[in-house]
Every structure is written in structure tokens, then in C-alpha cells.
Amino acid sequence: MLKEYKSIKEVVGPLMLVDGVEGVKYGELVEIEQAGGEIRKGKVLEVNQDKAMVQLFEGAQGLRISNSKCRFLGHGIELGVSEEMLGRVFNGMGDPIDGGANIIPEKNLDINGEPLNPAARDYPSEFIQTGISAIDGLNTLVRGQKLPVFSGSGLPHSELAAQIARQSRVLKSDAKFAVVFGAMGITYEEADFFISDFKRTGAIERTVLFMNLADDPAIERISTPRMALTAAEYLAYEKGMHVLVILTDITNYAEALREVSAARKEVPGRRGYPGYLYTDLASMYERAGRIRGREGSITQIPILTMPEDDKTHPIPDLTGYITEGQIILSRDLHRSGIQPPVNVLPSLSRLKDKGIGEGKTREDHSGTMNQLFAAYARGKEAKELAVILGEGALSEVDKLYAKFADEFEKQYVSQGFDTNRTIEETLDLGWELLSILPKSELKRIKEEHIEKYLPSDEDEGNE
């Protein structure tokens, strides 16, 4: 029998102080029952001797502390998990919101996860095909990796997230592939876009969605990504699935963290965010990976909008430290009508070399990737030079590089949000673009690969 307390002393904003408590632990779930039988929930944020500070999930509006009683449940927030979750939509607290029946859980798991022995981790090495050339060809995603997308306000990161969720698959593997989608602080319009897009394409069948809307409580926003990761861990490590976790928008999550921190009167760190922001983000991002001896894996794509497009802002800055690279969206490319507007030069996947090559993608992948990067960088420089000095100042080779840069953006990067390219199509397109340049400029590719894959003039004539 749970002990009940009628010693609620005060409520300030989303925080409530309960006096005279015994045996209460940090993070424990709390039920507050009002005289009329209405139950609200909260969790313990702080314990000091016989006093407990409780964070209310639904806020304190209309709560009468004089006749309310408090029950501490003895465990943290839990999620009931089962394979029935696939194809369903939940709110940020794990309750179904799609009109379907409640899940009959196989087990209840703590949303904070269990500690993972670092020595049990397996190295990420298998290629994941997203169908997006700018990622597959140049900033390859590897199974078990965490690769964030850095976006800006108004850029089409939602469309990119939906495309990745829809198209991603592990090549040369029979294991089942699932997507867990966690959305934090999004609008009704965005939520409707994701749900209808997944239903339209049939991707909902292999997807679990957790939706926290902009008008939902901040504390729910903090639990949403952990709900998503708990569902992912269950599907990956107990059901042997390859799980792709997409979390959007991490910036809204960090804002909620700052809001709760301010309510607790904690000493603020950079830009008012709590000093433990790094640790908190790491506790989520590090739940990606592979475990030796287990078939499943978790690959993470967190999406965040950089405030004022500033890469040095604490959220992208700390995210960059913890994760293995970043995909950066460009406002200039977006204005030019290039979709998705992936800026490939500052983008980076630190594990790309581990997931490409013979037996994984194709033998020529590494060489063409390096050559495309180098040629595009030189083409951008040539275009900038032409703006300052005029096109007449460019050599003939520089003019070809400038042409290459334009065609690269139009054909390779810009593919729209519905085109799903295989890795072979992406690599062949790269070779087609490299044929714009003189053969003597292809210094980063092995000679045998040039002979084998570079389109000859006769091939182009036959087309």
C-alpha cells in the first residue's frame, strides 16, 4: 500500500513542495489526487531531508493544495513496450493518441535506460542507404552511428526527416528495419504532416511515433526523446531490429530543459542553459550504437534548428562534440531552390570511411567521394573569383570547375523529397558529373576505377 501525504506546502509555477516525506528518491513518479478524484502526475526533482520538490507534468492551474493528497509510486517514468507499438502514434508520455486501443505491454521499462558497458559496444561499420545522394555519396550514414542534422528556422528539415524515415534501409541484411520518430514542441501542422506522410507512403507500418506538441507541458518534452529511445532499445536489443531514431527538434528540448532549470533557480550556464546541458544531451545521444552478440542496433539522427543560424550556439556546439559529424542545411541553397538544401562542404560524417567500399557499397566510392568534394570546393572558389574579377579572369579549367559546381548542386544535391536513389545511381551520377572535368584533373581516384566507371564520349553519344 502506497503511503499518502497531505502535507503539500506550496506550489510555484510547475513546482510543488511536499513536506514530511520518507524514503523518496530522485526521479520518482508522483500522483496528486484532488478532492474530486482528478489525478495529476509529476516527478521528484529534488529531495532534501524530509522535503521533496515535485515537477508537475500538467501544470498547477486549478490545483487546490489544501485538500489534495500526494502518492509517491516508488519508480520513475516507465513505458509499456510491445511489438504492437509499430504503426502507432503516442503522446510524449507514451499514451496512444491515434484513436486505437491501449497497448498490452510485454514489459514496463524505465525511460532513462540501463547503463551500457562501453566494452560491450560493437564498432559501427554497415552502410545505411537513405536514398539521398548528398548523404549516401558524401556523408555516409553507418548503422549504429549518431549523425545530427543542423538546420535553421524555416528550412525544410521536417521534409528531410520524413524522407530519411521513409527511405532508409540497411543493404545486404535480412534483419527487420524499424523507425522510431520522436517529435518535441512541434506544431499541429507539423504533426499532421508527419503522420499523413507516413500513412500515405505506408512507412507507418514500421514506425513508432511519439508526438509532443508546442502547447504540451515542458516536462513532457523532456521525457519524449527518452520514451522514443526506450521503445528503440526494446525493438533493437530484444526483438533484433535495426532501428533508426529520428528526434526533432532538439532545440525545443533544450529550451524546455532551460525552463525547468530556471524554475528550480539553478545557476545558469552559457546563454541561460543549465550547466549540465552537455551531460543531459550525452545521456540521450549515447543510447545509439550496437552491442556485441546482439543482432539489433540503434542509429540516431537528431535534428536541431540553430538559433540565428549560429553553429557556435551551445546546442549545436555541444551536439557536435558528442556525435559523429553533422549534416548542415544551407539557407542560400534553399533560396536557390535546391531541395534538400544540404551544404556538403561543412557537413561531415566521421564514420563514413567505415561503411563504404567493396562489399559494402562499391569499390570506387571512397575515391569518387574525395574527388567530388575537392572539385566542388574548387568550383565554388572559381565562382566567387568570377564575381569579384569577372569571368574573363578565369582559366579554361576554372570555368569547367565553375560549371561542375553548378551542375553538382542542380543534379546531385537537388533531388527533391520524393526521389529515392540507390547507392549505385548516386555513384554513377557522380561519375557523370566528373566527366565534365578533364581526365587529368581526377587525381584522387585510382586509374583502374577511372577506366572502369568514367563515361566515355562514345557512351554519351550512344545515349
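In this text the structure is predicted, and so the values were computed from the model without any measurement.
Salt-bridge check for K107 with E238: passed, with a basic side-chain N closer than 4.0 Å to an acidic carboxylate O. Residues K146 and E286 are paired through a salt bridge, judged by an N-O separation under 4.0 Å between the basic side chain and the carboxylate. By the 4.0 Å N-to-carboxylate-O rule, R271 lies too far from D317 to be salt-bridged with it. For the pair R166 and D418, the salt-bridge criterion is met [side-chain N within less than 4.0 Å of a carboxylate O]. For K6 and E4, the salt-bridge test fails: no basic side-chain N is under 4.0 Å from an acidic carboxylate O. Between D192 and R200 there is no salt bridge, since none of the side-chain N atoms of the basic residue sits less than 4.0 Å from a carboxylate O of the acidic one.
Residue E233 is tested with R287, K239, R294 for a salt bridge (charged side-chain N to carboxylate O under 4.0 Å, His left out); the sole match is R287. Of the options V149, D249, L247, a side chain to side chain contact (heavy atoms under 4.5 Å, CB included) to L304 is made by D249 and by none of the others.
Across all non-hydrogen atoms, the minimal contact from M85 to A231 is CE-CB, 4.0 Å. In this structure, I103 and G80 approach most closely via the heavy-atom pair CG2-O, 4.5 Å. Residues N252 and G185 come closest through the heavy atom pair ND2-O, 3.2 Å. Between R88 and P96, the closest heavy-atom pair is NH2-CB, 3.4 Å. Closest approach of V142 to S125, counting heavy atoms only: CG1-N, 3.3 Å. Between G131 and D136, the shortest heavy-atom contact is N-OD2, 2.9 Å.
No donor-acceptor pair closer than 3.5 Å links the side chain of N343 to the backbone N or O of S330. In this structure, the side chain of E83 does not engage the main chain of E106 through any donor-acceptor pair within 3.5 Å. Put simply, the side chain of E28 never gets that close to the backbone of V44: no donor and acceptor are under 3.5 Å apart. At least one donor-acceptor pair under 3.5 Å links the side chain of Q371 to the backbone N or O of R444. Between the side chain of N370 and the main chain of G367, no donor-acceptor pair closer than 3.5 Å is present. The backbone N or O of A119 sits less than 3.5 Å from a side-chain atom of R292, completing a donor-acceptor pair. Checked by atom type and distance alone, the side chain of E220 never pairs as donor or acceptor with a backbone atom of P217 at under 3.5 Å. With hydrogens and angles disregarded, no donor-acceptor distance shorter than 3.5 Å links the side chain of T361 to the backbone of I356. A donor-acceptor pair under 3.5 Å is absent between the side-chain atoms of E46 and the main chain of K51, judged by distance alone. Between the side chain of R226 and the backbone N or O of M284, no donor-acceptor pair lies under 3.5 Å.
Rounding to the nearest 0.5 Å gives a distance of 10.5 Å between OH of Y234 and CG of L79. To the nearest 0.5 Å, atoms CG (L345) and CG (L348) are separated by 11.5 Å. With rounding to the nearest 0.5 angstrom, the CE atom of M53 is 14.5 Å from the NZ atom of K9. Of the inter-residue distances, the one linking E10 atom CD with D19 atom CG reads 10.0 Å to the nearest 0.5 angstrom. Taking OG1 of T207 as the reference point, atom CZ of F181 lies at 9.0 Å (rounded to 0.5 Å). Atom-to-atom distance recorded for F417:CZ and L160:CG is 6.0 Å, nearest 0.5 angstrom.
You'll find the side chain of Y285 reaches within 4.5 Å of the side chain of I250, heavy atoms only. Using a 4.5 Å heavy-atom cutoff, the side chains of L427 and E424 are not in contact. By the 4.5 Å heavy-atom criterion applied to side chains, L257 and I222 are counted as neighbours. Inter-residue side-chain proximity for Q415 and P340 is flagged as met; some heavy-atom pair is nearer than 4.5 Å. Annotation: side chain of L63 is in contact with side chain of Q34 (closest heavy-atom distance under 4.5 Å). Contact of the H334 side chain with the L329 side chain is not registered, since no non-hydrogen atoms from C-beta on lie closer than 4.5 Å. Considering only heavy atoms from C-beta on, P124 stays 4.5 Å or farther from K354 through its side chain. Counting only heavy atoms from C-beta outward, the side chains of K41 and I77 never approach each other to under 4.5 Å.
Remark: Y188 OH is loosely packed, at most 12 non-hydrogen atoms of other residues, nucleotides or ligands lying under 6.0 Å away. Open room surrounds CZ on R64; 12 or fewer heavy atoms of other groups in view lie less than 6.0 Å from it. Within 6.0 Å of the CZ atom in R264, the count of heavy atoms belonging to other residues, nucleotides or ligands exceeds 12. In this structure, I104 places its CD1 atom where only 12 or fewer heavy-atom neighbours from other residues, nucleotides or ligands lie under 6.0 Å away.
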Walk me through whether F72 and K25 qualify under side chain to side chain contact (heavy atoms under 4.5 Å, CB included). CA-CA 9 Å; F72 293 87; K25 299 186 291 293; over 6 Å; no
Before giving the answer on side chain to side chain contact (heavy atoms under 4.5 Å, CB included), spell out for F373 and N139 the whole-Å C-alpha distance, their side-chain angles and the decisive distance to 0.1 Å. CA-CA 10 Å; F373 265 124; N139 294 291; 4.0 Å; yes
Test side chain to side chain contact (heavy atoms under 4.5 Å, CB included) on I39 and I32; report intermediate values, then the result. CA-CA 6 Å; I39 291 179; I32 302 100; over 6 Å; no
One pair to check against salt bridge (Lys or Arg N to Asp or Glu O under 4.0 Å): R221 and E259. What are the steps and the verdict? CA-CA 11 Å; R221 204 155 300 152; E259 193 180 314; 5.6 Å; no
The test is side chain to side chain contact (heavy atoms under 4.5 Å, CB included); show your working for F194 and I246 and say whether it passes. CA-CA 12 Å; F194 285 123; I246 298 175; over 6 Å; no
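When only modelled atom types and interatomic distance are considered, E295 and Y237 share no side-chain donor-acceptor pair under 3.5 Å. Between the side chains of E409 and S336, no donor N or O sits under 3.5 Å from an acceptor N or O. Checking Y253 against N212 by side-chain atom types alone, no donor-acceptor pair falls below 3.5 Å. Judged by distance alone, the side chains of S297 and R143 do bring a donor and an acceptor atom under 3.5 Å apart.
Using a 30° and 60° split on the angle between ring planes, F127 and H365 fall in the perpendicular class, above 60°.
E425 pairs by the side chain to side chain contact (heavy atoms under 4.5 Å, CB included) definition with R421, T422, not counting sequence neighbours.
Ring pair H313/F150: centre-to-centre distance not below 6.0 Å.
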